[in-house]
Amino acid sequence: MGDILTGFAVIGLAVLVGWVVARTGVLPAEARQVLAKLNFSVLGPFLLFSVLSTADVGSLFSALLPVSAIAAASMMAVFALVALLVWRRSVAHATVGALASGYVNGNNFGIPIAVYMLGDAAYAAPVVLLQLLLFAPIGLAILGAAVEGRTSVVQIVRGTLLNPIIVGSLLGVAVALTGLELPPWIREPVDLIGHAAVPLMLIAFGMSLHGKRLLEAGTDRRDVLLATSLQLIAMPLVAWAVGRFAFGLDGHDLYAVTVLAALPAAQNVFVFAQRYETAETVARDTVFLTTAGSLPALVIVALLLGG
């Protein structure tokens, strides 16, 4: 458990650095959008290519995949229905909130958690691949259509396939599927650029916290509270129930799928919100609250399921 605490401390320090950078004026306010575009268009795609090109794609079809998919999709559906039908949010706003409700941090958090709590980083692979190959393309396609006015199928498909995040992910999976060994003069620069993504994402996130109050009145507070509750409470419970009663999982597999469902909202959701300038407060506050709340959630899962 000490290694998990260390991971939280490292992430917290990077976020704090971003807040200090904004607070002291080291970078101007507009730098946050520059960092967001850099992360979305360059660093993020390189990181995803680096991660997925070396992944065991066969693990995508493990017994844990359908449980994770059902748990995440159900949380997104609940948020979308409430946001659209009850609160009358826009499609783009509801999409960001839905992603914040079920799109977990399977890479930066998931891999260390899988190592320290589950004993094998491979447990995180199905979640990472599921999100990058299914949830991200669908979410980005909806955002592109809603925000940028893509109306035809051709426009939506073209916009999705040309999205840098999707391009990096698809190329990475293609390399993994073919078993292609990239030479060091390609692999090492790609890894170097990709490794810059996480710290800059966290620094940009920290900068966004300056001058803003979490759960401030008039800033979609109920959206944040719903997304946070779905992510931290409902999703692990649904994953456990579906795994136990629908798929007959028990022991370590049931423990693993519940742990992965208790991960915080992914930083990528905030990057998507920034890119499309939609529901940024919802994404920011949900990522922050779920990150802070995931530690006690994971501890409770460990105590109850005895992993």
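Computation of the quantities below employed the complete heavy-atom set of this structure, encompassing side-chain atoms and omitting hydrogens, waters and symmetry-equivalent molecules. The structure presented is a predicted model; accordingly, all values stated were derived computationally and were not measured.
Here CG of Leu16 is found 12.5 Å from CZ of Arg23. Values are rounded to the nearest 0.5 Å. Rounding to the nearest 0.5 angstrom, the gap separating the CG atom in Leu47 from the NE2 atom in His195 is 7.0 Å. How far CG of Leu65 is from CZ of Phe247: 9.0 Å, rounded to the nearest 0.5 Å. Summarising the geometry, atom CG belonging to Leu298 is positioned 6.0 Å from atom CG belonging to Leu263; distances are rounded to the nearest 0.5 Å. Taking CD1 from Ile233 and CE from Met75, the interatomic distance works out to 11.0 Å, rounded to the nearest 0.5 Å. Rounding to the nearest 0.5 Å gives a distance of 8.0 Å between OH of Tyr103 and CE of Met76.
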Residue pair Thr291, Gln267: steps toward the side chain to side chain contact (heavy atoms under 4.5 Å, CB included) verdict: CA-CA 10 Å; Thr291 300; Gln267 195 71 32; 5.9 Å; no
Set out, in order, the CA-CA distance, both residues' side-chain angles and the distance that settles side chain to side chain contact (heavy atoms under 4.5 Å, CB included) for Ser53 and Arg187, then state yes or no. CA-CA 10 Å; Ser53 63; Arg187 167 65 63 188; 2.9 Å; yes
Please lay out, stage by stage, how Tyr276 and Leu140 fare under the test side chain to side chain contact (heavy atoms under 4.5 Å, CB included). CA-CA 9 Å; Tyr276 290 99; Leu140 291 172; 3.8 Å; yes
Derivation of the ring-ring contact (aromatic ring centres under 6.0 Å, His included) call for Phe245 and Trp240: CA-CA 8 Å; Phe245 299 110; Trp240 175 82; 5.6 Å; yes
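Residues Pro45 and Val167 are not in side-chain contact: their nearest non-hydrogen atoms beyond the backbone lie 4.5 Å or more apart. Here the side chains of Leu249 and Tyr255 are not in contact, with every heavy-atom distance at 4.5 Å or above. Considering only heavy atoms from C-beta on, Arg222 comes within 4.5 Å of Trp87 through its side chain.
In plain terms, the two heavy atoms of Val96 and Ala283 that are nearest each other are CG1-CB, 4.0 Å. Nearest heavy-atom pair, Ser294 versus Ala262, reported as atom, atom and distance to 0.1 Å: CB-O, 3.8 Å. Annotation for Thr54 and Ser50: closest pair OG1-O, 3.3 Å, computed over non-hydrogen atoms. The nearest pair of heavy atoms linking Leu254 to Leu305 is O-CD1, 4.3 Å. Contact detail for Ser68 and Val127: the closest heavy-atom pair is OG-CG2, 3.9 Å. Nearest heavy-atom pair, Leu64 versus Ala256, reported as atom, atom and distance to 0.1 Å: CD1-CB, 4.2 Å.
No chain of hydrophobic side-chain contacts below 4.5 Å, direct or via other Ile, Leu, Val, Met, Phe, Trp or Tyr residues, connects Leu237 to Val242. Leu232 and Leu230 fall into different hydrophobic clusters, defined by Ile, Leu, Val, Met, Phe, Trp and Tyr side-chain heavy atoms under 4.5 Å apart, directly or through other members. In this structure, Ile203 is not a member of the same hydrophobic cluster as Val34, with clusters built from ILVMFWY side-chain heavy atoms closer than 4.5 Å. Under the 4.5 Å side-chain heavy-atom criterion for Ile, Leu, Val, Met, Phe, Trp and Tyr, Ile186 and Leu192 are members of distinct hydrophobic clusters.
Within a 6.0 Å sphere centred on CZ of Arg244, heavy atoms belonging to other residues, nucleotides or ligands number 12 at most. Residue Phe288 qualifies as open at atom CZ: its count of foreign heavy atoms under 6.0 Å is 12 or below.
A donor-acceptor contact shorter than 3.5 Å links the side chain of Asn39 to the backbone of Leu35.
If you run side chain to side chain contact (heavy atoms under 4.5 Å, CB included) between Thr290 and each of Thr228, Val104, Asp285, Val269, only Thr228 comes through. Checking Val173, Leu182, Leu170 one by one against Phe49, the side chain to side chain contact (heavy atoms under 4.5 Å, CB included) holds for a single residue, Leu182.
Of the charged side-chain nitrogens involved, at least one lies within less than 4.0 Å of a carboxylate oxygen, so that Arg89 and Asp223 count as a salt-bridged pair.
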